[in-house]
Amino acid sequence: MNNDSNDRKGKNARSNFIRAIIEKDLADGKNNKNVHTRFPPEPNGYLHIGHAKSICLNFGLAKDYGGKCNLRFDDTNPSKEEQEYVDSIKEDVHWLGYDWEDREFYASDYFERLYSLAEKLVELGKAYVCDLSAEQIREYRGTLKEPGRESPYRNRSIEENLDLFRRMRAGEFPDGSKVLRAKIDMASGNLNMRDPVIYRIMRKSHHRTKDDWCIYPMYDFAHCVSDSIEGITHSLCTLEFEDHRPLYDWFLEQLDVHHPQQIEFARLNLSYTVLSKRKLLTLVEEGFVQGWNDPRMPTISGLRKRGYPPWSIRNFCDRIGVAKADSVVDVALLEHAVRESLNKVAQRVMVVMDPLKVVVENYPKEKEEELEAINNPEDPEIGTRKVPFCREIYIERSDFLEDPPSKFFRLSPGKEVRLRYAYYITCTGVKKDDSGRIIEITCRYDPESRGGTTPDKRKVKGTLHWVSAKHSVPLTAMLYDRLFTVPSPEKENSDFRNFINPESLRVNNKCMAEPFVKNTAPGTFLQFERVGYFFADPDNYSHEKPIFNRTVTLRDTWARISGRGK
RNA sequence: UGGGGCGUCGCCAAGUCGGCAAGGCACGGGACUUUGGAUCCCGCAUCGCAGGUUCGAGUCCUGCCGCCCCAGCCA
């Protein structure tokens, strides 16, 4: 399924400060009136909803302004990066609906170029080889409030630096024994400008360049140069890189090459979830979830398995906006986005989650009939289906109350309700077991009400979903809920693990569904009427053992009203 | 007086040259309804604080207050 119908149009996109900058640049004729962005993940983990914000922003901006967006892996640290992550990232970006065409790049593609530009820096007298140890560099760097001291190696001659740097590349020195540093200003208030390291010696096989290199460039140097090489015009990144912008600009200025504009925006935070790679890893490694793609995870793969279609995530990213203020988006907005995105396209089906048998006394014992049901009231185009009805059916246990509160307009003794697409029934009796638990109820139906309306046009308040006992098919529903019990698990003063919702997953294998569900293929979005949106698990679903993941419940006004009494 | 940012409704977020506070989510009310779903109406802020400039300031100036980021040979 690839429905884009309820995507917002680019031209209606909300305005934000980045669009304002781009529009001004376009008006000024800057960059030859081109817009070229990039999404630059480090292949050291799985993508999550926060990355989706960046992906939608970068690819969305390129699309809206007739430009291009590259996919570039920032793979400059082989000790953390792996091919597995490259593969999952590509899959996720594609799945989200974006295409980088032939522009799949890697910072490692530029290692040779990066190296020669580093030599150029040395030749310019703007970089030097430093023999200080990591600890010493830290000491020399000074503190937030005190300036640093210059390295004793800072004034080596250009010739010596060049020779040393070449020998670093040649593998003449052990790991960590030397680094190449930019020569800027050890007294800068910005620590990033205190002679930052730009190359380190690291004998580590790289997932793409294998053992070609024993020195690797640092982010600050590699990123701006990569942007420059690719002709990026607007380099978008998150707020924590604001301090790095002077360095970004410094390198490109010294090198005298194409100079993209770095623009920072606030990263996404979502209530009731965590988005830091480290915490997400903890959840996986300590078994709180079953993997990176567990439907409770805010990862792209988790959301996909949960049943969030790609357009629902784009929809969400459109709604949250882009700004510079730190903020926490209410997860209710994500839930709203997926409901809205699924409402118009999800096939409706009746599934009883907690079956309660109903015997329709006056319905002939052997009779069966098929009633017509609408597949989606929001879209008549997709037609109708037949639903079997007979004397014994199941309704939702929660739809019957022996002693109902005033506003309860579902079934209770003596009350009449409508069985969706079927008949009106009135409750005539209740059977209980020895413990007092209701095991069956009896009703009478009105033959005149076939299909759900009567000649006398009388109103019934409640409409219940139901399934024919004889024809129903069992299925398992994975009832997922928020992973955390508090809005900001990361801001609590005790460990975030203490706030994991013990009921974030409940497995319900007592569900009974109408026969139509047998036609479902893995990866299908359905709405279980009056219950929620469900997704046929793409990995574990089979016709023998149908498993559905609850994506999100329907809005439940009754729960709100009845909950108020508590 | 380290440096860099941010502060508009419960949560996000628009607010061009200062001219008289968009929208969404959430929430409350109502209409409609064979999903107490959807849809549709209605309601819901004086802009961190204090001064100043001005006929007029969220938008300009001054001074406070609060929050976030930075001391990886991570990105």
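Naming: A, B, ... by sequence-line order, numbering from 1 per chain. No experiment lies behind these values; they were computed from the predicted model shown.
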(message) Please report the distance, rounded to the nearest Å, between CZ in A:R72 and C1' in B:A75.
(response)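 Rounded to whole Å, this separation is 12 Å.
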(request) In whole angstrom, give the distance that lies between atom CZ of A:R278 and atom C1' of B:A75. (result)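 A:R278 atom CZ is separated from B:A75 atom C1' by 16 Å.
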Regarding [X] and [Y], is there a side-chain donor-to-acceptor distance under 3.5 Å anywhere?
{"X": "A:R348", "Y": "A:H465", "value": "no"}
{"X": "A:Q527", "Y": "A:E529", "value": "no"}
{"X": "A:S398", "Y": "A:E396", "value": "no"}

Just to be sure I understand the rule, does [X] reach a base, reach only the sugar-phosphate, or reach nothing, if contact means heavy atoms closer than 4.0 Å?
{"X": "A:Q527", "result": "base"}
{"X": "A:F408", "result": "base"}
{"X": "A:P377", "result": "base"}
{"X": "A:L144", "result": "base"}
{"X": "A:L180", "result": "nothing"}
{"X": "A:I201", "result": "nothing"}
{"X": "A:N16", "result": "sugar-phosphate"}
{"X": "A:V531", "result": "nothing"}
{"X": "A:V322", "result": "sugar-phosphate"}
{"X": "A:V197", "result": "sugar-phosphate"}
{"X": "A:D74", "result": "sugar-phosphate"}
{"X": "A:K407", "result": "base"}
{"X": "A:A323", "result": "sugar-phosphate"}
{"X": "A:F241", "result": "base"}

(message) Go nucleotide by nucleotide along RNA chain B from the 5' end; which of A:R410 and A:D326 gets its closest nucleotide reached first?
(response)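 Looking at RNA chain B, the more 5' nearest nucleotide goes with A:R410.
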(message) Heavy-atom nearest nucleotide on RNA chain B for A:A187 versus A:I137: which residue maps closer to 5'?
(response)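 Result of the comparison: A:A187.
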Identify each atom pair where a protein N or O and an N or O of nucleotides 38-41 of chain B are less than 3.5 Å apart, giving names and distance.
from, atom 1, to, atom 2, distance (Å)
B:A38, OP2, A:R555, NH1, 3.0
B:A38, O2', A:N343, ND2, 3.1
B:A38, O2', A:E378, OE1, 3.2
B:A38, O2', A:E378, OE2, 3.0

(request) Provide the closest heavy-atom pair for A:G171 versus A:C214 in the form atom of the first, atom of the second, distance. (result)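 In terms of heavy atoms, the two residues are closest at CA-SG, 3.7 Å.
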(message) Over 60° means perpendicular and under 30° means parallel, so tell me whether A:H51 and A:H48 are parallel, tilted or perpendicular.
(response)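 The arrangement is tilted - the two ring planes meet at 30° to 60°.
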(message) Using atom C1' in both nucleotides, what's the gap between B:G28 and B:C9 to the nearest angstrom?
(response)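 About 15 Å, rounded to a whole number of Å.
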(request) Tell me whether the OP1 or OP2 atom of B:G36 has a side-chain N or O from A:R530 closer than 4.0 Å. (result)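 Answer yes for this pair, as a side-chain N or O of A:R530 is under 4.0 Å from OP1 or OP2.
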(request) Could you tell me if the ring centre of A:Y85 sits under 6.0 Å from that of A:Y46? (result)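 Yes - the distance between ring centres of A:Y85 and A:Y46 falls below the 6.0 Å cut-off.
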(request) For A:W558 and B:G36, say yes or no: do the ring centres fall under 5.5 Å of each other while the ring planes differ by less than 30°? (result)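 By the stated criterion, A:W558 and B:G36 stack.
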(request) Tell which nucleotide pairs with B:C67, taking only Watson-Crick or G-U wobble pairs whose two distances are both under 3.5 angstrom. (result)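 The answer is B:G5, by the H-bond criterion.
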(message) With the 90 degree cut-off around zero defining syn, does B:G72 come out syn or anti?
(response)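 Here the answer is syn: the torsion falls within 90° of 0.
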(message) At a heavy-atom distance below 4.0 Å, what parts of residues 188-196 of chain A sit against RNA chain B?
(response)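 Heavy-atom cutoff 4.0 Å gives A:G189, A:N190, A:L191.
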